[in-house]
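The structure appears right after this line, and notes come after that.
Numbers for residues simply follow the sequence, beginning at 1.
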Amino acid sequence: MASFSYVLSHSSHVLSPQTPPIESNPKYILYSSSSQCRHPISILRSKLNRMALVGQRLRRGTQRKQICASIADVSLEKSTENVQLPKGDVWSVHKFGGTCVGNSERIKNVAEVIVSDDSEMKLVVVSAMSKVTDMMYDLINKAQSRDKSYESALDAVREKYKSTAHDLLDGEELASFLSQLHHDIDNLLAMLQAIYIAGHAMESFTDFVVGHGELWSASLLSAVIRQRGFDCKWMDTREVLIVNPTSSNQVDPDFSESARRLERWYSKNSAKIIIATGFIASTHQNIPTTLKRDGSDFSAAIMGALLTSRRVTIWTDVDGVYSADPRKVKEAVVLKTLSYQEAWEMSYFGANVLHPRTIIPVMQYDIPIIIRNIFNLSAPGTTICRQTVDEESESLVSFVKGFATIDNVALINVEGTGMAGVPGTANAIFGAVKDVGANVIMISQASSEHSVCFAVPEKEVKAVAEALKSRFRQALEAGRLSQVAVVPNCSILAAVGQRMASTPGVSATLFNALAKANINIRAIAQGCTEYNITVVVRREDSIKALRAVHSRFYLSRTTIAMGIIGPGLIGATLLEQLKDQASVLKEDFNIDLRVLGIISSKSMLLCDEGVDLTNWRELQGERGETADMERFVQHVHQNHFIPNTVLVDCTANPDIASHYYNWLRRGIHVITPNKRANSGPLDQYLKLRALQRQSYTHYFYEATVGAGLPIISTLRGLLETGDKILRIEGIFSGTLSYIFNNFTSGKSFSDIVSEAKQAGYTEPDPRDDLSGTDVARKVIILARESGLKLELADIPVENLVPEPLRASASAEEFMQQLPRFDVELTRKRQEAENAGEVLRYVGVVDVENQRGFVEMQRYKNDHPFAQLSGSDNIIAFTTTRYRTQPLIVRGPGAGAQVTAGGIFSDILRLASYLGAPS
């Protein structure tokens, strides 16, 4: 069958009261590409002629009162033709999208908003009802595919508007609307039948069909407002808006011609309220076309510019423009104002603001655009306008307005020494890209001209890469170009702000936030206007990166995902402290610590939003799962809404400590009181510390020595400020501190150990404390922090467990046999007392002699070590600055509360490093 096309240069045969039948109107073009297709076209011509005649009469009824054949009526019509179009602040322009007019109740709300506006003149642009445009495109697709279900689909469209009209209108307005609706549907059915026969539709066919949703919405809304007693007419903007198609996806408005047609239209249709169709327009040849997707916003902006209105309000279903996509950043905030340029940039980079072209018409007249929520009229929305410098505070936040991402992109890198200084290389590269019709989203080029890197949509990257390899085949074979490389699975992140220009620190803050979230940047671009800084990251890091930079600029809290390993005595105490401080940290310090998981040796509790710490034990009993460390870590770390993850190991388990290196490599921070990693094999310790220094992933372990006492941080502070450590000496065990502080005349050593065990100061088996191994681990940690490369085996330890009892079968047997060995320790105590001294169990790091040891020593009664009480720890730092009088740190060095407090302190230090205000 020969193909044919039916091109309507104007749609007025359906919609305008002035249009004569097709046969007598030369503006209508009906043609066939084959003389053999006369039969279906002649039928269509005849049918459309009849429909056009009916349409003329129906349109006249909806646009004006019936005209009586009298001289007075004729005179009135002539006078309206001379009405001048007012311009300027008397006009306000509104645009309501498909969601806003999605059903009869919403259309009533829209009508109320319109009549409540106190502007003298109002022009309202409306879209088709929600989903209707898609339904109209579906009609075309089905007809082209010769799918007869287009008929039932068209009936569904008819029913949608018919039922809505019945809800909203009555009397003459209802009859008039339904008559025209049925007429239009009959016309569309005839056209779709022709498309069905031909098997394809030209673009003008498609544009004509899909534009009917806007026509019906405008007609319906105007009838609703008229029915309420207001002066209201509706405008088919195809009679007014004239555009020049530039490509399949773009059109340029002809403002001068559109202005002339608007004045002519208004002279015959003046009203206080005008309801105009969005999305649709005409070419200079009067062929129906559309303004493409998001065209209704564009229509409103064009009409605002033509009228030089005081404002253009875009009504939608969100409260305004957000600082980031609220679906990705829950704490995103609505921005009060945006400059035209900022809105333009954010739109380009995927923010749900406006299409960039929407902003162009209003900019030259400084017409503000207001984005408001039809479902939340109390929200003031976002105003897009020309901003002055002093409109906002001078905080860092004010320089960066928001962040946006473009996902599913790929990087193409064209690299080679033969590119440097060769004119036309860039032209050849992007000429090849243009030839395949690909869209270049971002370009980055090194000043050496050694490489050009650019981003394209991932669906286009294969064609682009093949085109470049073909274009530069000779250069690649000759070695002038080394490669055309593709980096897939990327996302673009843009920080946008007009006042970023020439503001020191913005870029540094952005890159620092990404680095601390352990996100690698693959490419960077920034224009000289500095309205945006654009980076390319891995696609799986997209949401994490967005959340990290948003949080860093104080647009949301510093949020950290936490996993607690080992909810025993210390872990449970930490959870209690976190629960008690959560609200204070959020409100006063802008820190949000979310425990996403708790794992013990047998079970684990996982929660996407954060475990309720008021009843975590009950939840673990009810919802606990079998412990799986890898799944636990993945759950805590893969929450894309939270850019920073920390695992808190509250155990003393060497197997858990063996995971630290891999966790840090994955960008997971680690905090622990577990001494096993730092006192384990030296090579593993050095590997762990090297990784920590090379990355922005943090490893904090203050509580490994002295529980909550600032021993590690004090040592680091001395070293970082250039002091030289000579000797570290201290009582590092709270258990042994308690035992020797109470080992006085009248008490045996075994009695004190038994007393300490009953008071809960010792491990279940006191030999774990008396062996001195725990003190030796603390000594080796401090020795390594001081720069000594020692193994645990290099530390001689005086074991206080009598040798015959070291192999005892149980702790109970040990305690029963211990009194047999009191004599030796009692003798040593007595000798010390006779000399005015006391016994103390100490660890020593002798930096000058490159050694460490753990042993029982005697100290004078006036020595600081002799003044201890209870289970206190005391550590003395002898340095070049503190040689004659050592720097002493003293306080409780054991117990769940102080140990958990030390861990908590490390967590808050991490939050500070990640951007929380100090």
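I242 places a side-chain heavy atom less than 4.5 Å from the side chain of S282. Within the 4.5 Å cutoff, the side chain of H635 has heavy atoms near those of the D608 side chain. Contact annotation: the side chain of F430 approaches that of F454 to within less than 4.5 Å [non-hydrogen atoms, C-beta and beyond]. Residues F472 and I429 meet the side-chain proximity criterion, which asks for heavy atoms closer than 4.5 Å. Using a 4.5 Å heavy-atom threshold, the side chains of T697 and H669 count as touching. Looking only at side-chain heavy atoms (C-beta outward), V329 and F403 stay at 4.5 Å or farther from each other.
The salt bridge (charged side-chain N to carboxylate O under 4.0 Å, His left out) check on D254 picks up nothing, with sequence neighbours excluded. For R665, there are no salt bridge (charged side-chain N to carboxylate O under 4.0 Å, His left out) partners, not counting sequence neighbours. Under the rule for a side-chain hydrogen bond (donor to acceptor under 3.5 Å, both in side chains), E460 has no partner lying at least two apart in sequence or in another chain.
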The test is side-chain contact (heavy atoms from CB on, under 4.5 Å); show your working for I302 and L291 and say whether it passes.
CA-CA 11 Å; I302 296 169; L291 301 181; 4.3 Å; yes
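For the atom pair OG (S470) and CG (L476), the distance works out to 10.5 Å, reported to the nearest 0.5 Å. Here the straight-line distance linking atom CG of N532 with atom CD of Q498 works out to 12.5 Å at 0.5 Å rounding. Distance check, rounded to the nearest 0.5 Å: CG of N413 to CD of Q445 gives 10.5 Å.
Classification of the W663-Y660 ring pair by plane angle, with boundaries at 30° and 60°, yields tilted.
Screening V484, V433, V487 for a side-chain contact (heavy atoms from CB on, under 4.5 Å) involving I412 leaves a single residue, V484.
Across all non-hydrogen atoms, the minimal contact from A438 to V464 is CB-CG2, 3.4 Å. Considering every non-hydrogen atom in both I543 and K328, the closest pair reads CG2-O, 4.0 Å.
For the pair T290 (side chain) and F279 (backbone), a donor-acceptor distance under 3.5 Å is absent. Side-chain atoms of T237 do not come within 3.5 Å of backbone N or O of L241 as any donor-acceptor pair. Proximity of a side-chain donor or acceptor of S204 to a complementary backbone N or O of P288 within less than 3.5 Å is not detected.
Looking at K292 and E203, a side-chain N of the basic residue comes within less than 4.0 Å of a carboxylate O on the acidic one, giving a salt bridge. In summary, K687 and D683 do not engage in a salt bridge, as defined by a charged side-chain N under 4.0 Å from a carboxylate O. The pair D297-K95 meets the salt-bridge criterion, since a charged nitrogen lies less than 4.0 angstrom from a carboxylate oxygen. Using a 4.0 Å cut-off between a side-chain N of Lys or Arg and a carboxylate O of Asp or Glu, K401 and E345 do not qualify as a salt bridge.
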